[in-house]
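Input: a single structure, listed below in structure tokens.
Labels below follow one simple rule: chain letters A, B, ... track the order of the sequence lines, proteins then strands, and each chain is numbered from 1. What you see is a predicted model, and the numbers here were worked out from it, not measured in a lab.
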2 protein chains.
Amino acid sequence: MSSEDIPNRGRPVTIKDVARLANVSPKTVSNVVNNRPVVKPATRERVLQAIRELNYHPSALARGMVTRSRRLIGLVLADITNPAYPEMVEGVASLARQAGFMVMLCNTGRDPDEEERYVHLLIEQRVDGVIIASSRMDSKAAEVLTSAGIKVLLFNRHPERYSVSFVGVDNENGGYLATKHLLNLGHRRIAFMRGTRGASTSIEREQGYRRALAEFGIEPSPELIAWGDYHPDVARTAADLLLRMRNRPTAVFAANDVMALSVIDAAAALGLRVPEDVAVVGFDDIAIVANRLIGLSTIHGDLGQLSREATTLLLEAINGNLTEPVRKVLPVYLVVRRTCGGKPTGDW
Amino acid sequence: MSSEDIPNRGRPVTIKDVARLANVSPKTVSNVVNNRPVVKPATRERVLQAIRELNYHPSALARGMVTRSRRLIGLVLADITNPAYPEMVEGVASLARQAGFMVMLCNTGRDPDEEERYVHLLIEQRVDGVIIASSRMDSKAAEVLTSAGIKVLLFNRHPERYSVSFVGVDNENGGYLATKHLLNLGHRRIAFMRGTRGASTSIEREQGYRRALAEFGIEPSPELIAWGDYHPDVARTAADLLLRMRNRPTAVFAANDVMALSVIDAAAALGLRVPEDVAVVGFDDIAIVANRLIGLSTIHGDLGQLSREATTLLLEAINGNLTEPVRKVLPVYLVVRRTCGGKPTGDW
DNA sequence: CTGAAAGCGCTAACAC
DNA sequence: GTGTTAGCGCTTTCAG
């Protein structure tokens with residue numbers, strides 16, 4: 001009995017504590033907390049008063065158990081330190097937040113095993129949906145999640161066969177536009193720097209690169225294909241090798257901006273001028289590369305917009321308003337700045 | 001009865017389903033799942049077989065309800081698109097992951113109200129701990145969380161009075177070193193670009209700036225103090241104003257690298273050379289600024305290391321191994337590259 | 001070593 | 001309008 005009188009002995013305050021203080025049933029408190037308009041204003045006020053007094057916070061855990069909805073989404077990505085991701089994360093986070101969802105961050109560090117582990121953790125957390133922006137083409141993540149009843153949205157990257165919703169940019173065409181532009185500027189020895197092995201983005205960008213070369217009757221030389229792993233350090237080493245070749249390329253198309261920046265840095269270290277000695281084009285158009293000191297020519301796709309579309313689609317799927325998988329590919333365009341040697345577009 | 005025979009009718013498979021299939025009690029399954037070495041190997045194998053067969057994933061929700069630990073931490077930050085954060089997020093995410101914790105991402109967008117809302121959501125989620133890297137000095141976030149029984153670790157920024165653990169870099173000294181260096185190079189009209197209003201980092205960096213000026217008997221002129229809000233666009237506008245002044249500063253010390261880059265961009269747009277016409281020093285040493293095309297002189301503090309220390313401390317607090325609040329301030333040093341006009345350090 | 005029962009905090013059905 | 005009861009899926013007593 002006496003313990004009944006002590007409101008809070010360290011243990012978190014529950015709906016019962018509030019009910020007791022407000023002299024109502026737990027159900028009524030629940031109704032107030034969930035803004036159900038069936039409560040008399042006077043009662044409601046009394047309950048709210050009790051909530052404030054006890055500093056009550058309803059447990060999302062307990063609620064999730066019974067409603068079977070956690071209001072939680074997972075966000076799986078390859079490497080948060082690649083500036084292309086934060087631009088995307090921001091869009092996801094803000095839209096999710098508006099819809100009352102929290103976001104669980106899963107940074108795989110490009111490790112497929114880590115991705116798989118995260119998938120299982122997300123299932124255990126009973127998240128409502130997951131946005132996957134990390135997968136290689138052989139990933140089973142989407143299947144595993146789907147079979148656990150969790151909605152999935154693939155972001156830009158995708159596995160080989162997929163029957164879940166996908167949003168992305170037109171990577172193949174981006175690769176084509178970048179390479180075509182360099183060809184039009186007269187370059188014939190154009191190197192391509194690949195991203196992560198097995199990433200669909202890298203594969204598709206390379207396909208575009210090859211298509212453009214083919215149009216000019218050029219057989220892509222294997223020595224001009226480098227691996228940069230979408231990672232600045234790996235790319236830096238690869239760029240150094242590329243630019244030290246006796247017959248070095250006159251232009252480099254890197255599968256993302258981070259690697260393009262590494263190419264530029266390597267060139268500067270070797271005393272090569274960009275674009276006079278070597279032209280460089282990237283992919284993503286991350287914010288920093290528009291800086292006038294860099295002026296990287298690159299392929300622009302609206303990742304912010306894309307991430308908002310992705311989140312909207314995922315939330316609709318979670319709400320059951322999306323029965324069929326959707327597939328949406330946004331167009332890209334070339335932004336010519338300084339590093340390719342072409343005539344700058346617009347402000348550039 | 002017939003429904004008993006159907007293993008899974010859409011509803012997620014529970015510990016009971018596994019127990020039934022393996023012919024054991026739920027408790028035994030629980031023991032297996034939690035690797036408690038009290039189960040006979042044969043039984044254990046049978047249970048694991050059933051788990052695989054049913055594709056069972058224990059509910060972290062249900063477990064959390066009874067164990068009162070979610071194995072979850074919250075990460076509250078001001079703006080994920082500022083490259084200084086991802087470098088930190090990576091450290092937190094990887095260490096948390098190793099310890100079996102998931103991370104909830106809370107991007108406040110520099111909005112104090114949003115921070116407060118996130119704090120309540122984190123309490124509802126019953127997270128075990130929170131790393132706060134977003135607060136202004138008047139924030140009550142740490143107090144509110146602590147009073148809800150949640151461990152808090154303040155990262156770099158801190159409120160006015162705080163009695164929770166804190167890790168950060170020596171912001172005041174960083175501001176001093178940057179300004180002192182510019183003074184030693186002969187600059188006398190040194191502008192300071194502030195960050196977010198009320199952010200302790202910005203305030204402390206300014207204090208260092210003022211201390212250095214005072215040593216040279218210089219009264220900081222109000223017209224040389226600009227607001228950049230730690231935001232590239234705001235900073236860009238402010239920089240433009242600063243550099244268009246009839247009596248413009250010969251040097252600018254920006255409270256972070258993102259703003260320093262905006263200053264550089266503004267200078268280039270106005271046809272001013274860096275460092276000849278205007279010297280620039282930043283703060284944070286984000287990865288990109290080491291690129292030879294930029295070569296930003298800046299204050300380096302090891303944010304990666306700091307974030308790992310932060311996470312370690314938070315996890316220790318969660319485990320109850322940290323009774324007293326800890327306060328840890330890492331030293332910083334000046335990296336001289338190209339933009340300040342001084343003699344480059346090391347590789348630079 | 002394993003089983004049965006209780007209960008974590010909440011909401012969905014029903015009563016009243 | 002409001003109260004009561006019965007679970008959600010798990011772990012933790014306490015018995016066997």
N/O (side chain, B/Thr28) to phosphate O (OP1/OP2, C/dC1) under 4.0 Å = no
Modelled atom types, side-chain donor and acceptor of B/Glu115 and B/Ser135, under 3.5 Å | yes
Establish, from distance only, whether the side-chain atoms of A/Asn35 and A/Arg44 form a donor-acceptor pair under 3.5 Å.
-> yes
Salt-bridge test for [X] and [Y]: reply yes if a basic N is under 4.0 Å from a carboxylate O, no otherwise.
X: B/Glu45; Y: B/Arg52; result: yes
X: A/Arg71; Y: A/Asp128; result: no
X: B/Glu114; Y: A/Arg97; result: yes

Protein-proximity profile, nucleotides 5-16 of chain D, B/S/- by nucleotide at the 4.0 Å heavy-atom cutoff, equals ---BBBSB----
